Amino acid sequence: MRPVLLVIAHGSRDPRHAATVQALVRRAGALRPGLRVETAFLDFNLPSVPGVLDRLAADGVRDVVALPLLLTRAFHAKADIPAVLRQAPLPRTSSWGGRRSLSVRQAEVLGPSPLLIAAVERRLYEAGLTPADKSATGVVLASAGSTDPEAIAVIAETARELRRTGWCSVRPAFASAVNAGGFPRTEDAVRALRTDPGVRRVAVSPYVIAPGRLPDRIATGAAGADVLADVLGPSPELARLLLERYDGAHAARRAIVRTA
């Protein structure tokens, strides 16, 4: 039997966050009929990761691929998620007294990936731009922010890859000014793009999956831009990427995070 795909999102007090995550997970499940797909949250929302793992064990599930719904390998992917997967209390006996076994493997985070570049462009086009606008449009690739050097390097490389698709200029930015890479805030990147040669239009593309406090801060910082794209959300590209990461973890037989 195929492992269950458990998508683990951070969670938010903003109800739009969980609704967007659930919509994305449903879309991924629809692309792979017969695959059991579950959602869990680290904080703020239910169900929790331990709660879902407990229910899967009770259902007799033997294998789980835990997929962090994250764009980079920052603290949540390196520490929080492995910790909650290792520490989650899993019952060892079934209702009829038999022993249960549940193996959990952690998949790679979503980024970097060409599918994410495609999702960013989809949102820019949905916001009113066209491929013909690329050569005169500067794009602010605005992410939530991180102090992790590996995550910052991935964001910078993603901006370069987006630039290589033909946009006049692409600048990475963070919703928070606190970062080890020295990225500007969204509003500062918008102002800087106005001075770039050849840029006649400035667009802000939130490089985040779901709405929430930091995406709202990005939108506020985009007030001086000509175009504001939507968050990546339940785009077809992200749904395909979830399954791509699931398949990669399953095929590679990644190291077991825990067995109960």
Side-chain angles (χ1 to χ4, degrees), residues 1-30 32 35-95 98-111 144-146 148 151 208-216 231-234 238-239 241-243 245-246 249-250 254-260:
M1 295 181 63
R2 288 180 291 183
V4 170
L5 170 57
L6 173 59
V7 179
I8 302 178
H10 181 270
S12 170
R13 292 186 177 90
D14 190 321
R16 297 173 299 168
H17 176 90
T20 301
V21 169
Q22 297 287 6
L24 172 60
V25 172
R26 285 195 300 271
R27 187 160 204 167
R32 189 71 60 85
L35 173 64
R36 181 170 177 177
V37 185
E38 299 281 350
T39 309
F41 297 90
L42 288 176
D43 204 357
F44 302 116
N45 303 106
L46 293 175
S48 67
V49 176
V52 173
L53 291 177
D54 187 64
R55 174 161 49 83
L56 291 175
D59 289 347
V61 171
R62 302 293 298 274
D63 294 294
V64 174
V65 170
L67 171 60
L69 196 63
L70 301 168
L71 298 176
T72 61
R73 268 180 46 80
F75 184 79
H76 292 310
K78 295 177 180 178
D80 284 351
I81 291 178
V84 76
L85 291 176
R86 287 193 300 267
Q87 297 170 7
L90 298 178
R92 295 178 176 273
T93 57
S94 68
S95 58
R99 186 177 179 82
R100 286 195 296 246
S101 176
L102 180 65
S103 297
V104 182
R105 303 170 191 273
Q106 182 173 327
E108 295 289 352
V109 297
L110 300 181
S146 177
D148 186 285
V208 292
I209 294 174
R213 179 176 57 86
L214 289 177
D216 284 348
V231 298
L232 300 178
L238 250 66
L241 185 52
L242 262 60
L243 297 177
R245 292 291 185 256
Y246 167 83
H250 182 35
R254 289 176 58 80
I256 296 174
V257 177
R258 69 160 298 151
T259 301

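What you see is a predicted model, and the numbers here were worked out from it, not measured in a lab.
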Minimal heavy-atom distance between F75 and D80, with the atoms involved, is CE2-OD1, 3.0 Å
Result for side chain to side chain contact (heavy atoms under 4.5 Å, CB included) between L70 and one of I81, I209, I8 points to I81
Determine whether L69 and L242 make a side-chain contact, defined as any pair of heavy atoms from C-beta on separated by less than 4.5 Å.
-> yes
Practice prompt. Output yes when a side-chain donor or acceptor of D59 lies under 3.5 Å from a complementary backbone atom of V61, and no otherwise.
Written response: no
In terms of heavy-atom contacts, G11 and H17 come closest through N-NE2, 3.2 Å
For S48 and G51 the tightest heavy-atom approach is OG-N, 3.1 Å
When rounded to the nearest 0.5 Å, the distance separating CD of E38 from CG of L5 is 9.5 Å
_Using modelled atom types and a 3.5 Å cut-off, is there a donor and acceptor pairing between side-chain atoms of D216 and backbone atoms of P211?_
no
**Item:** Check: R27 side chain, P234 main-chain N or O, donor-acceptor pair, under 3.5 Å
**Value:** yes
Within the 4.5 Å heavy-atom criterion, are R73 and E108 side-chain neighbours or not?
yes
When rounded to the nearest 0.5 Å, the distance separating NZ of K78 from OG1 of T72 is 8.5 Å
| said: Does any part of the side chain of L24, heavy atoms only, come nearer than 4.5 Å to the side chain of L232, both counted from C-beta? | reply: no
Rounded to the nearest 0.5 angstrom, the OG1-CG distance for T39 and L67 is 10.5 Å
Determine, step by step, whether R32 and V37 satisfy the side-chain contact (heavy atoms from CB on, under 4.5 Å) criterion, reporting the C-alpha distance in whole Å, the side-chain angles of both residues, the deciding distance to 0.1 Å, and the verdict. CA-CA 9 Å; R32 189 71 60 85; V37 185; over 6 Å; no
**Q.** R2 atom CZ, over 12 foreign heavy atoms within 6.0 Å
**A.** yes
In short, V52 meets A40 closest at the heavy-atom pair CG2-CB, 3.9 Å
Distance col, row R213:CZ vs R13:CZ, nearest 0.5 angstrom, shows 9.0 Å
Any donor and acceptor pair, going by atom type alone, linking the side chain of R245 with main-chain N or O of L110 inside 3.5 Å? yes
Check: A77 main-chain N/O paired with Q106 side-chain donor or acceptor under 3.5 Å: yes
Residues passing the side-chain contact (heavy atoms from CB on, under 4.5 Å) test with P215, sequence neighbours excluded, are V208, V231
**Asked** With a 4.5 Å limit on heavy-atom distance, are the side chains of Y246 and L35 in contact?
**Response** yes
On a heavy-atom basis, the closest approach of N45 and A18 is ND2-CB, 3.9 Å
(Q) Contact between L85 and V64 at the side-chain level, heavy atoms closer than 4.5 Å - yes or no? (A) no
